[in-house]
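Atoms considered below: every heavy atom in the structure, side chains included; atoms not considered: hydrogens, waters and symmetry mates. Predicted model, so just to flag it, every value in this text is computed and none were measured.
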Amino acid sequence: RFPYLAQHWRQFSLAQYKMGGVDDSVAVLKDATAAYPQSVLLWVEYLTALMTVETKNIGPISGGNDAKSEPNGAETQVKQEQGMGAVTKPEFAEKVASSAANGGDFARAADAIGLNFNADPFWNKYLEFEASISPKSPSLQLLRVYLRLIRIPLYQYAQYYSQFAEISKSFKISEILSPDELPRYLQVFGKSLPEELSVVEQHQLIDTFSYDIFTNTQTQVTRKWPFEAALTFQEFSLADLDLIKKQTGEWIKYLDAEI
């Protein structure tokens, strides 16, 4: 009846776990993301469950919001609020593991909440998932996630830029830059093909490309930060209703600026 009360979904999920097991709990979280797809907290809960449900011991499911400080790429602390430890049904574990493995749930989450300024817990989970698939070396899919991520103005934007700069060394220029982007950067070095670049020039080109994206993202973050800093509630809560109402004016200012 009240789909936008994220904490109620979490409490319901925990109650279902105690009564029916982890299968029922995960099913509740799936319903929660369908009913309230704008909630970062619920998506993180659900995806965490999908990533751990195939094991015998289900690890802590995390989420929540902490006080904000100036965005500088520092890791956002996420409170651990509930844990599970149960054996799942093999067929259910196989089903949810397959669902996570095909990337469908992460893709849906990215479309629903990926642009949220405070979606860092979700993106951290997405990166963790992609890295776990190919633990020995970064995969092309992980690269694609980063190429999308570093262009989004997020609280931890600087952290993602640093991570991308590190993994980019493992890929070819043609895998990082699109055909439309490549000619402009090749021209800087007086080249027409990537093969004409020396190893040092290749690294310099990628660094220049990455930094151009970083400065553009940083500009967007700087513009958004005064508005984001004024919004201390990221999830609707009846307990904080009066305080949330007081921030209505800040939301209107933010919306006006975005429009």
Point-to-point distance, once rounded to the nearest 0.5 Å, from [atom1] of [X] to [atom2] of [Y]:
X      : Y      : atom1 : atom2 : value
Tyr46  : Met51  : OH    : CE    : 13.0 Å
Arg184 : Asp212 : CZ    : CG    : 6.0 Å
Tyr155 : Glu228 : OH    : CD    : 11.0 Å
Phe209 : Ile176 : CZ    : CD1   : 7.5 Å
Thr208 : Ile213 : OG1   : CD1   : 11.5 Å
Leu142 : Arg144 : CG    : CZ    : 10.5 Å

Of the non-hydrogen atoms in [X] and [Y], which two are nearest, and what is the gap between them?
X      : Y      : value
Leu186 : Ser192 : CD1-O, 3.5 Å
Ser168 : Ile206 : OG-CG2, 3.7 Å
Leu127 : Leu149 : CD1-CD2, 3.9 Å
Ser39  : Leu42  : OG-N, 3.1 Å
Ser210 : Phe164 : OG-CE2, 3.1 Å
Arg151 : Gln220 : O-NE2, 4.0 Å

For the pair Trp123 and Tyr126, name the ring-plane relationship: parallel under 30°, tilted 30 to 60°, perpendicular over 60°.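 Answer is parallel, since the angle falls under 30°.
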Anything under 30° is parallel, anything over 60° is perpendicular, the rest tilted; go ahead and classify Trp251 against Tyr254. parallel
[X] side-chain N/O to [Y] backbone N/O, donor-acceptor pair under 3.5 Å:
X      : Y      : answer
Glu250 : Gln247 : no
Trp9   : Leu29  : no
Ser25  : Gln16  : no
Ser162 : Ala158 : yes
Thr222 : Gln218 : yes

Minimum side-chain heavy-atom gap [X]-[Y] below 4.5 Å:
X      : Y      : result
Leu197 : Ile173 : yes
Glu175 : Leu140 : yes
Glu201 : Leu205 : no
Ile252 : Asp256 : yes
Gln159 : Asp120 : no
Arg10  : Leu41  : yes
Gln141 : Ile133 : no

Apply side-chain contact (heavy atoms from CB on, under 4.5 Å) to Tyr161 and Thr217, showing your working. CA-CA 10 Å; Tyr161 166 72; Thr217 304; over 6 Å; no
Pair [X] + [Y]: basic N to acidic O under 4.0 Å:
X      : Y      : value
Lys30  : Asp23  : no
Lys125 : Glu45  : no
Asp105 : Arg108 : yes

Would you say the side chains of Asn124 and Tyr160 form a donor-acceptor pair under 3.5 Å? yes
Would Phe233 and Leu243 satisfy side-chain contact (heavy atoms from CB on, under 4.5 Å), going step by step from the backbone distance to the final call? CA-CA 9 Å; Phe233 296 95; Leu243 294 175; 3.6 Å; yes
Taking atom CD of Glu258 as the centre, report whether more than 12 heavy atoms of other residues, nucleotides or ligands fall under 6.0 Å from it. yes
Salt bridge (charged side-chain N to carboxylate O under 4.0 Å, His left out) between Glu195 and Lys172, intermediate numbers included: CA-CA 10 Å; Glu195 293 77 13; Lys172 300 176 182 178; over 6 Å; no
